[in-house]
Amino acid sequence: MNIEIDKNSGYCFGVEYAIEMAEDELNESGQLYCLGDIVHNHMEVERLAAKGLVIINNEDLKNLKDCKVLIRAHGEPPETYKIAIENNIELIDASCPVVLKLQNRVKGSFDQMEEQNGQIVIYGKPGHAEVIGLTGQTKEKAIIVMEDEDLEQIDFSRPVTLYSQTTKSTKGFYRLKEMIEVRIAEAKGQQLEVTDFKANDSICRQVSNREPSMEKFSQKHDVIIFVSGKKSSNGRALYGICMNFNERSYFVGSEEEIDLDWIQPSDSIGICGATSTPMWLMERVRNYIKEQFASMPV
């Protein structure tokens, strides 16, 4: 039985950096608060919890004082930093550099759009941690769109500046861009001018480059075991690509969810995952499959 782990899968540098910062602090002090799940993978969250990582929410943060709190790779809105100062909380800021740069760009565009009576539109998942951080740069005025019907929130007679959550689909972004262009032209009854619409492809290339890589990998094997946390937007997007190119693709959170009936002894098996999937977990899935088939009678 041939089993291959996709070398392009696993943590992006932003997530890896956040986990390294958490582990360094935990090794030193034995406890650390983290605002939200450090990564959208329950297995990794449980591993770090055993080391002393305590997950808190925004309401918990308001009641903490004189302690250390980790900000995960997704980033946070300005309000979080304000609370930390008021409560004498030391922030260990593991915000992804790509996300921080995007926050600054959104803030600059928002200030400009306010002067022009324009709108900031963000292609992203409502309620997602990164999106919350981005809308915080706009005093919560940004319009969040993910489905076609969400476009109804936009006033197409006013200027629009479009950004994307860093982990969204590139194809989805450019499809949305074209739809907005058409709607603005229809509303104005003429071709777009430079001031009408500005689209900023702010998708992280380390993430988007995994899409073509996943296409090739999913076609290379008989069976694909895609390992990801259920909360991961990136995981759902990449699994969708696997399904498009290999109908024998299966989404699991851990080896416990694998149904051995999915696999034949002669199959070539590919194991891959999201940017939030740790390599150790994919290796555990591989070892489980090997052990199960090795113990089967010939």
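- Side-chain atoms of T166 and E130 form a donor-acceptor pair, as typed in the model, at a separation below 3.5 Å.
- Here ring-ring contact (aromatic ring centres under 6.0 Å, His included) pairs that include residues 115-136, with residues two or more places apart or in two chains, are H40-H128, H74-H128.
- Taking all atoms of both residues into account, the shortest heavy-atom contact from I203 to T170 is CD1-CA, 3.5 Å.
- Nearest heavy-atom pair, Q137 versus G133, reported as atom, atom and distance to 0.1 Å: NE2-O, 3.1 Å.
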What donor-acceptor contacts under 3.5 angstrom involve side-chain atoms of residues 29-36, with partners at least two apart or in another chain?
| from | atom 1 | to | atom 2 | distance (Å) |
| --- | --- | --- | --- | --- |
| S29 | OG | E25 | O | 3.0 |
| S29 | OG | E25 | OE2 | 3.0 |
| S29 | OG | Q31 | O | 3.0 |

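- For D111, the side chain to side chain donor-acceptor pair (under 3.5 Å) criterion is met by K107, not counting sequence neighbours.
- Pairs passing the salt bridge (charged side-chain N to carboxylate O under 4.0 Å, His left out) check and including a residue from residues 72-92, sequence neighbours excluded, do not occur.
- Side chains of Y163 and S109: a donor on one and an acceptor on the other come within 3.5 Å.
- The closest donor-acceptor contact from the side chain of Q206 to the backbone of F13 lies under 3.5 Å.
- Distance alone, capped at 3.5 Å, is enough to place a donor-acceptor pair between the N234 side chain and the T275 backbone.
- Tested against E215, the residues I241, N244, N246 include a single side chain to side chain contact (heavy atoms under 4.5 Å, CB included) partner, I241.
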Give the table of side-chain donor-acceptor pairs shorter than 3.5 Å for residues 91-100, with sequence neighbours excluded, one pair per line with atom names and distance.
| from | atom 1 | to | atom 2 | distance (Å) |
| --- | --- | --- | --- | --- |
| D93 | OD1 | S95 | N | 3.0 |
| D93 | OD1 | S95 | OG | 2.6 |
| D93 | OD2 | Y81 | OH | 2.8 |

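- A donor-acceptor contact under 3.5 angstrom links the side chains of Y11 and E44, judged on distance only.
- Residue pairs meeting the ring-ring contact (aromatic ring centres under 6.0 Å, His included) criterion with at least one partner in residues 189-219, sequence neighbours excluded, are F217-H221.
- Using a cutoff of 4.0 Å between basic side-chain nitrogens and carboxylate oxygens, K220 and E4 are scored as salt-bridged.
- Counting heavy atoms from C-beta outward, E16 and M279 have side chains that stay 4.5 Å or more apart.
- Summarising the geometry of E257 relative to F251, their closest heavy-atom pair is OE1-O, 4.3 Å, with the distance given to 0.1 Å.
- Here the side chain of Y239 pairs no donor or acceptor atom with the backbone of A274 at under 3.5 angstrom.
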